[in-house]
Amino acid sequence: MKLILAIIQDEDAPSTVQALVERGYRVTRIASTGGFLRRGNTTLLIGVEDSHVEKVVEIFRQCCQTRATYLPVAVEATGLLQAHMIEVEIGGVTLFVLDVERFEPL
Ligand code: 2BA
């Protein structure tokens, strides 16, 4: 068995959770915050048999989009601090697939 831990953008969470549940997967949704942008994102936990990992990964591919966002940064030029916006691309999904040693729904 594997535990899939997926960090996705909040905008993609409703459709992704719906697609997973419709296909019979159990999912836990956790509100999380990215360390770099310090903005809300969503972490999903899904426990699946090994043979289902690729099917779940395919659902994430279909439901999660890459998006650009803009981040204000202060840049010093000619002795003055100026505000600039830099573009940051946020990936569709950051996935971790972990081995599960023991699963006991007591
Ligand atoms: P954040 O940490 O808020 O990062 C948002 C996006 O900012 C990242 O998108 C990446 O494009 C950019 N970014 C992050 N750190 C950077 C840095 N040191 N320099 C330049 N750009 C940087 P993603 O890579 O798609 O990550 C989206 C979210 O997934 C992250 O939000 C974080 O919450 C999570 N994540 C990504 N990689 C992770 C990892 N190795 N471990 C734990 N969480 C991770």
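Because only heavy atoms are used, hydrogens play no part in the values below, and waters and symmetry mates are left out as well, while side chains stay in. Indexing begins at 1, ligand by ligand and atom by atom, following the structure's order.
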Once rounded to the nearest 0.5 Å, what's the spacing between atom CD of Glu87 and atom CG of Leu71?
11.5 Å

Nearest protein heavy-atom contact for atom 4 (O) of ligand 1: which residue, which atom, what distance?
Phe36 CB, 3.6 Å

Residue, atom and distance of the protein heavy atom nearest atom 31 (O) of ligand 1 read Gly34 CA, 3.5 Å

Candidates Ile90, Val88, Asn41; heavy atom nearest atom 32 (C) of ligand 1 found on Asn41

I need the atoms of ligand 1 closer than 4.0 Å to a non-hydrogen atom of Gly91, numbered in the order shown.
9 (O), 23 (P), 25 (O)

Run Lys55 and Glu58 through salt bridge (Lys or Arg N to Asp or Glu O under 4.0 Å) and show every step you take.
CA-CA 5 Å; Lys55 292 172 191 162; Glu58 188 52 36; over 6 Å; no

Does the protein place a non-hydrogen atom closer than 4.0 angstrom to atom 24 (O) of ligand 1?
no

Where Asp12 and Cys64 come nearest, the two heavy atoms and their spacing
OD2-CA, 3.5 Å

Atoms in ligand 1 flagged as close to Leu37, the criterion being non-hydrogen separation under 4.0 Å
1 (P), 3 (O), 5 (C)

Atom CZ of Arg39 with >12 non-hydrogen neighbours under 6.0 angstrom
yes

To the closest 0.5 Å, what do you measure between CG (Asn41) and CD (Gln9)?
8.5 Å

State, with a plain yes or no, whether a side-chain heavy atom of Ile46 is found less than 4.5 Å away from one of His52.
no

Approximate separation, where rounding is to 0.5 Å, of Thr33 OG1 and Ile7 CD1
11.0 Å

Atom 43 (N) of ligand 1: nearest protein contact (heavy atom, Å):
Ile7 CD1, 3.5 Å

Among all protein heavy atoms in this structure, tell me which lies nearest to atom 37 (N) of ligand 1, with the distance rounded to 0.1 Å.
Thr94 CG2, 3.6 Å

Does an N or O anywhere in Phe96 fall below 3.5 Å from an N or O of ligand 1?
no

When you look for heavy atoms under 4.0 Å from ligand 1, do you find them on the side chain of Glu89, its backbone, both, or neither?
backbone

